[in-house]
Amino acid sequence: MMPIAALAACGIVLGLTSALMKAQVLEVLPFLATGIPYFIISTLNKVSNIVFTLLPVLFSISIAMGLAKEDKEVAAFAGFLGYYAFLVASQCTIQSGFMDFSALNIASTLGVETVNMGALGGIISGLVTTWLHNKYHKIQFPAAIAFYGGKRFVALAVIMSMAVIGLVIPLIWEPISVGINGLGDLIHAAGAFGVFIFGTLERLLIPTGLHHVLNSLFRTTPLGGVYDGVEGCLNVFLQYIDKVPLSELQPFTQFLGQGKMPFMMFGLPAAALAIYRTSPADKKGKVKALMIAGVAASFVSGITEPLEFSFMFIAPVLFVFHSIMGGISFMLMSILGVIIGNTGGGIIDFFIWGVFQPESNWYWVIIVGIFYAFIYYFVFSWYLSRKNISIDVAEDDESSDSSMSLDEKQRQTAALVIEGLGGFENIVTVNNCISRLRVDLKDMSLVKEDILKKTGSMGIVKPSETHIQVIYGPKVESVADAVREVMKY
């Protein structure tokens with residue numbers, strides 16, 4: 001998630017500066033086109049754009065760091081070396097003259113003219129680095145060559161392994177690339193129906209966390225489209241937002257944040273109101289607090305899991321309804337010609353990439369969103385009332401002392417999380433994404449879900465017998481940091 005987070009952050013700056021450099025804006029505010037104002041705006045625009053050209057290497061570094069069990073900084077360093085070795089080795093094969101590589105998409109990456117695999121090359125490098133690091137970062141050699149053991153051996157192993165892969169990849173990438181391009185063409189040829197399928201799957205995969213994989217494939221590979229050699233709908237949009245007419249980018253934005261906005265900003269908040277109003281009187285106070293937090297996350301930043309997990313398990317029919325409405329939302333935004341890019345579906349992206357961008361047709365989001373609010377409210381109210389369903393809210397942990405400092409409260413929460421996960425000895429690794437605490441465990445039977453609920457968890461997913469995901473929403477970063485800090489001692 002780190003490269004995607006970097007894209008989103010830099011994207012906000014890029015969106016604002018791109019909007020300020022539009023001809024329509026400069027006509028109204030001509031002083032922006034001269035002197036210091038223009039220098040500042042254009043500099044910020046170019047600097048924020050650099051992250052998009054570095055996306056593959058960011059994936060290599062972040063995957064290696066995120067999946068390494070120990071010595072994460074060493075893995076990240078090796079991830080960069082491995083990716084660069086991969087690029088140079090691929091260039092050597094292409095320039096060797098062994099065969100005709102003219103059909104390959106060749107591009108300059110980090111100053112190396114080599115096969116353009118987009119983010120996938122960085123993902124492969126990150127995964128290989130992770131495997132080698134976790135296997136060899138503690139290896140020991142005889143005294144004469146002991147210096148090259150342990151962490152230092154990881155870098156050597158990664159460079160050599162990725163060099164071999166780099167030498168071979170040009171020979172096998174062309175048929176794979178043709179297959180990916182063909183699948184992308186098939187999805188785009190399906191028109192609005194293809195967008196509907198994408199949007200529905202994007203929501204249905206939320207419980208597993210695999211929606212990140214689906215999104216990444218469309219955002220960074222030919223599945224999301226290709227424009228002037230740039231692959232992936234997000235890459236295309238962010239690299240060309242200030243270079244071509246906005247209308248040319250519509251085929252790419254249909255797989256981005258615009259499809260989420262009607263249900264994130266209107267549908268789910270209306271569903272939250274329905275959940276609150278159908279709750280028993282004795283639960284209303286706690287449900288209200290939970291719904292307000294969930295609505296704020298969904299409306300502002302586009303993080304929907306706190307709300308979705310509140311009804312996903314007690315009313316799965318409503319989650320299926322929500323997923324289908326998600327697909328319809330993506331389809332409608334495409335049919336209506338909306339052109340709002342970036343990854344989020346909240347109010348921030350709506351203004352920066354919609355309202356502030358001339359000809360984005362942003363008003364359709366509000367028109368469709370109003371209908372979504374009414375539909376979600378009545379469907380949720382009708383179903384919850386008919387089935388007599390209300391969401392469970394964890395009882396407050398009365399052992400919490402209001403006089404404690406923030407750090408003390410975080411450590412207390414972390415201690416509860418560790419207890420809920422079965423104790424120190426049961427935890428293998430602790431990681432997190434944008435909304436979930438992701439933990440590898442030794443024994444899943446030791447997990448105490450009632451304790452985890454007391455820590456503010458909105459839901460729990462167990463994808464395997466040794467891995468658990470605890471949903472906290474936007475505050476997960478502080479929870480994960482506190483847990484890792486406590487576990488050091």
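The figures that follow rest on heavy atoms only: side chains count, while hydrogens, waters and symmetry mates do not.
- At a threshold of 4.5 Å between non-hydrogen side-chain atoms, the residues Ile468 and Val461 do not count as touching.
- Thr466 and Asp440 form no side-chain donor-acceptor contact under 3.5 Å, judged by distance and modelled atom types alone.
- Atoms CZ and CD1, on Arg436 and Ile460 in that order, are 12.0 Å from each other to the nearest 0.5 Å.
- Leu127 places a side-chain heavy atom less than 4.5 Å from the side chain of Leu67.
- Taking every heavy atom of both residues into account, Ile347 and Met265 meet most closely at CD1-CE, 3.6 Å.
- What you find for Ile339 and Thr253 is that their closest heavy atoms are CA-OG1, 3.6 Å.
- Considering only residues two or more places apart in sequence or on other chains, Asn388 meets the side-chain hydrogen bond (donor to acceptor under 3.5 Å, both in side chains) condition with none of them.
- For Tyr83, the ring-ring contact (aromatic ring centres under 6.0 Å, His included) test picks out no residue, with sequence neighbours left out.
- Legend: side chain to side chain donor-acceptor pair (under 3.5 Å) pairs involving residues 193-206, not counting sequence neighbours, sorted by first then second residue: Glu202-Asn215, Arg203-Thr304, Arg203-Glu308.
- Counting non-hydrogen atoms of other residues, nucleotides and ligands closer than 6.0 Å to CZ of Phe351 gives a total of 12 or fewer.
- In this structure the side chain of Asn361 never reaches within 4.5 angstrom of the side chain of Leu336, judged on heavy atoms.
- Under the 3.5 Å distance criterion, the side-chain polar atoms of Thr43 are matched with a main-chain donor or acceptor of Phe39.
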- Message: Pair Phe330, Phe196 - check ring pair (Phe, Tyr, Trp, His ring centres under 6.0 Å), show working.
- Response: CA-CA 6 Å; Phe330 272 87; Phe196 167 77; over 10 Å; no
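- For Phe266 and Phe299, the gap between ring centers reaches or exceeds 6.0 Å.
- If you take CG on Leu441 and OG on Ser464, they are separated by 9.0 Å, rounding to the nearest 0.5 Å.
- Atoms CD1 and OG1, from Ile124 and Thr129 in turn, are 11.5 Å apart once rounded to the nearest 0.5 Å.
- Applying the side chain to side chain donor-acceptor pair (under 3.5 Å) test to pairs two or more places apart or on separate chains, those with a residue in residues 329-339 are Gln254-Ser334.
- When ring centroids are compared, Tyr376 and Phe321 come within the 6.0 Å threshold.
- Closest heavy-atom contact between Gln258 and Met333: O-CG, 3.3 Å.
- Between Tyr227 and Asn235, the side chains place no donor N or O within less than 3.5 Å of an acceptor N or O (distance only, hydrogens not considered).
- Taking OG of Ser381 as the reference point, atom CZ of Phe378 lies at 7.5 Å (rounded to 0.5 Å).
- At distances below 3.5 Å, at least one donor-acceptor pair connects side-chain atoms of Lys72 with backbone N or O atoms of Ala68.
- Taking SG of Cys233 as the reference point, atom CG of Leu256 lies at 4.0 Å (rounded to 0.5 Å).
- Residues Ile328 and Tyr372 are in side-chain contact: their nearest non-hydrogen atoms beyond the backbone lie under 4.5 Å apart.
- Looking at residues two or more places apart in sequence or on another chain, you find a salt bridge (charged side-chain N to carboxylate O under 4.0 Å, His left out) between Asp481 and Arg484.
- Taking all atoms of both residues into account, the shortest heavy-atom contact from Ser247 to Pro251 is O-CD, 4.3 Å.
- No more than 12 heavy atoms of other residues, nucleotides or ligands sit less than 6.0 Å from atom NZ of Lys288.
- The aromatic rings of His322 and Phe319 lie tilted to each other, with the angle between the two planes from 30° to 60°.
- The salt bridge (charged side-chain N to carboxylate O under 4.0 Å, His left out) check on Lys462 picks up Glu449, with sequence neighbours excluded.
- Counting only heavy atoms from C-beta outward, the side chains of Leu384 and Leu318 approach each other to under 4.5 Å.
- By the 30° and 60° cut-offs, the orientation of the rings of Phe218 relative to Phe255 is tilted.
- Scanning all heavy atoms of the two residues, the minimum distance from Gly346 to Met264 falls at N-SD, 4.5 Å.
- Here the side chains of Met261 and Ile340 are in contact, with some heavy-atom distance below 4.5 Å.
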- Task: Tell me, with the steps shown, if Leu268 and Val295 meet side chain to side chain contact (heavy atoms under 4.5 Å, CB included).
- Result: CA-CA 7 Å; Leu268 283 174; Val295 168; over 6 Å; no
- Query: Which is it for Leu167 and Ser90 under the side chain to side chain contact (heavy atoms under 4.5 Å, CB included) test, yes or no, and what are the steps along the way?
  - Reply: CA-CA 5 Å; Leu167 290 171; Ser90 296; over 6 Å; no
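- Considering only heavy atoms from C-beta on, Ile275 comes within 4.5 Å of Met291 through its side chain.
- Under the 4.5 Å side-chain criterion, counting only non-hydrogen atoms from C-beta, Val158 is not in contact with Leu81.
- Residues Ala274 and Phe380 come closest through the heavy atom pair CB-CB, 3.7 Å.
- How far OH of Tyr240 is from CG of Leu246: 15.0 Å, rounded to the nearest 0.5 Å.
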- For Thr429 and Val439, run side chain to side chain contact (heavy atoms under 4.5 Å, CB included): C-alpha distance rounded to whole Å, both residues' side-chain angles, the deciding distance at 0.1 Å, then the answer. CA-CA 6 Å; Thr429 57; Val439 186; over 6 Å; no
